[in-house]
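Below is one structure; the comments refer to it alone.
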Amino acid sequence: MSKTPQAIRGTQDIFGPDAEAFAFVVETFERVRKLYRFRRVEMPVFEKTEVFSRAIGETTDVVSKEMYSFEDRGGDSLTLRPEFTAGIARAYLSNGWQQHAPLKVATHGPLFRYERPQKGRYRQFHQIDAEIIGAAEPQADVELLAMADQLLKELGIDGVTLYLNTLGDGDSREAWRAALVEHFRAVKDELSEDSQERLEKNPLRILDSKDRRDQRFVADAPKIDQFLSGDARAFFDAVTSGLDAAGVKWTRAESLVRGLDYYRHTAFEFIPDEGSEAASKLGSQSTILGGGRYDGLMESLGGAPTPAVGWAAGIERLAMLVGDRVEPKADVIVVVENDDLIDSAIAAIARIRAGGHPAELMATGSPRKRFDKAVKAGANKIVAFDMRDGAEHVRIKADDEETASLVKLLG
RNA sequence: GCGAUCGUAGCUCAGUUGGUUAGAGCGCCGGUUUGUGGUACCGGAGGUCGGGGGUUCGAGACCCCUCGAUCGCCCCA
């Protein structure tokens, strides 16, 4: 038994270039979110278990086997949030945020899912999230997708395609689902074991099965388009024409479905193109940003029918795609080459930092090697304190203009 | 939850069919050298070989268990 405790499986200690990439994703999201006028919200990390079980659906994998649920000291069943949407919906209802509708909100933070860890999949992971609540218009879907598209562009991520589908309204979705069950039940024995199970729990999922045995029957499976009501079709057409107008490229994916029960109408995922650099960085975790419309969710939490759309993206997955970000170098390094001058150096670096320059003090280790360490650290401005002829001597290594401004700063 | 591969200094790795005191490079610390500079040389610290058990005269290596990482399935962001 080793004496130092190990980190919990599936958690990460993010440091160095990885932490810089993580911060870059969050900072870029914050900037883009303001561009689209989404308001910032902070949400609890845990909720009553029923918030998730009712909103997401009892039969989903997330609820039935991936939640971190526990009883608190008062005997209530609580759950560490496995996603943002259900908690935001609960907050919308319990705080009377209807008065702000249509409400555009954004947040980010940790989520928890008890899954087998893999590259790009963790038990504590982090998402950025954007929601528009109380907006029934297809323009809301368009705005949300335009924001996602711009975010990915500003992160410098390319080789990614937006796949778009509609699940229709509640009636369309149910009719389609029933037809799918009928279609696949006829050939049940020839389906993969996984899909035979999906037939009962989540028949839509059979459509994106990777198993060859299933794919034979997927090709001629009923299409959602056959079941779309006139309104549902008009809604989807409005979304796609809005995307075209916004300059957002998209691809129709008829078999794209979402795992959670609450989705209606628009469903979408941003997925790296096969064979692209992005795809190889992500391994088998292909979706980097996904979401859709969830008009039925509020009712499952006891609220009035409320239309809403949202998406979430995994920060770790995005960070893998933006690549290593170098930690910024110090603007100025103050080197103490003689320990008697430490106080002079402390006074100097205080002024430099007050002047707005990121600065580092180099005053440990062999005095003779400190200057070399400063040079090696890559600072372009170095202020060195040393004794020369029995008196304090300050040397500045920088170009002339910078030297002048440093001299002024140091008085 | 299922299947597979892998765990040796801080990092990247070597370590012969099982055989003395487990090594190298980089990094770190110290000394000398250089002295408007990222040099060179010398020295040092740092490993219960992921953890536990077993086989053996002897295990870093072989076997079992366990923990973790990675890859695929499932699921998802």
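In what follows, chains carry the letters A, B, and so on, assigned in the order in which the sequence lines appear, proteins first and then strands, with residues in each chain numbered from 1.
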Looking at [options], which one has an atom nearest to any side-chain atom of [X]?
| X | options | answer |
| --- | --- | --- |
| A:Lys369 | B:U32, B:C28, B:C76 | B:U32 |
| A:Arg317 | B:G3, B:C74, B:C76 | B:C76 |
| A:Arg368 | B:U70, B:C76, B:U34 | B:U34 |
| A:Lys376 | B:C28, B:C73, B:C75 | B:C28 |
| A:Arg205 | B:C71, B:C76, B:U39 | B:C76 |

A:Glu316 or A:Gly365, whichever maps to the more 5' nucleotide of RNA chain B: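 Looking at RNA chain B, the more 5' nearest nucleotide goes with A:Gly365.
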Residue met sooner reading RNA chain B from 5', once A:Asp208 and A:Thr287 are mapped to nucleotides: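 Closest to the 5' end, via its nearest nucleotide, is A:Asp208.
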Sugar-phosphate, base or nothing in reach of [X], heavy atoms under 4.0 Å:
| X | value |
| --- | --- |
| A:Phe270 | nothing |
| A:Gly291 | nothing |
| A:Gln118 | base |
| A:Lys119 | sugar-phosphate |
| A:Arg198 | sugar-phosphate |
| A:Gly10 | sugar-phosphate |
| A:Glu337 | base |

Quick one: closest heavy-atom pair of A:Met43 and A:Arg81, and the distance?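 Shortest heavy-atom separation between A:Met43 and A:Arg81 comes out as O-NH2, 3.1 Å.
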For residues A:Leu207 and A:Ser255, report the shortest heavy-atom separation together with the two atoms involved.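 Closest heavy-atom pair between A:Leu207 and A:Ser255: CB-CB, 3.7 Å.
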Checking the side chain of [X] only, and the main-chain atoms of [Y] only, is there a donor and an acceptor separated by less than 3.5 Å?
| X | Y | result |
| --- | --- | --- |
| A:Glu154 | A:Val32 | no |
| A:Thr28 | A:Phe24 | yes |
| A:Asp211 | A:Ser192 | no |

Take A:Tyr36 and A:Gln150 through the side chain to side chain donor-acceptor pair (under 3.5 Å) test and state the conclusion after the steps. CA-CA 10 Å; A:Tyr36 285 78; A:Gln150 183 168 354; 2.7 Å; yes
Once you round it to whole Å, what is the distance between [atom2] of [N] and [atom1] of [X]?
| X | N | atom1 | atom2 | value |
| --- | --- | --- | --- | --- |
| A:Arg370 | B:G30 | CZ | P | 9 Å |
| A:Asp129 | B:C76 | CG | C1' | 15 Å |
| A:Gln124 | B:C76 | CD | C1' | 17 Å |
| A:Arg116 | B:U5 | CZ | P | 13 Å |
| A:Tyr114 | B:C2 | OH | P | 10 Å |
| A:Ile382 | B:G37 | CD1 | C1' | 8 Å |
| A:Arg9 | B:G51 | CZ | C1' | 15 Å |
| A:Glu66 | B:C76 | CD | P | 8 Å |

Less than 4.0 angstrom between a side-chain N/O of [X] and OP1 or OP2 of [N], yes or no?
| X | N | value |
| --- | --- | --- |
| A:Lys373 | B:G38 | no |
| A:Ser366 | B:C29 | no |
| A:Lys210 | B:C73 | yes |
| A:Arg395 | B:G35 | no |

When rounded to the nearest Å, what value does the distance between [atom1] atoms of [N] and [M] take?
| N | M | atom1 | value |
| --- | --- | --- | --- |
| B:U39 | B:U20 | C1' | 40 Å |
| B:G47 | B:C11 | P | 13 Å |
| B:U33 | B:G38 | C1' | 16 Å |
| B:C75 | B:A14 | P | 37 Å |
| B:C74 | B:C29 | P | 50 Å |
| B:A59 | B:U48 | C1' | 14 Å |
| B:C26 | B:C42 | P | 11 Å |
| B:G60 | B:G23 | P | 13 Å |

Once rounded to the nearest 0.5 Å, what's the spacing between atom OH of A:Tyr263 and atom CZ of A:Arg173?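 Reported value, rounded in 0.5 Å steps: 10.5 Å.
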Is there a donor in the side chain of A:Thr79 and an acceptor in the side chain of A:Glu47, or the other way round, less than 3.5 Å apart?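 No - no donor-acceptor pair under 3.5 Å links their side chains.
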Regarding A:Glu58 and A:Ser64, is there a side-chain donor-to-acceptor distance under 3.5 Å anywhere?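 Short answer, no.
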Writing each nucleotide of RNA chain B 5' to 3' as (, ), [, ], | or . by Watson-Crick or G-U pairing under 3.5 Å yields (((((((..((((.....[...)))).(((((.......))))).....(((((..]....))))))))))))....
Using the rule side chain to side chain contact (heavy atoms under 4.5 Å, CB included), only one of A:Gln139, A:Met147, A:Glu143 pairs with A:Ile132; which is it?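 It is A:Glu143; the other options fail the test.
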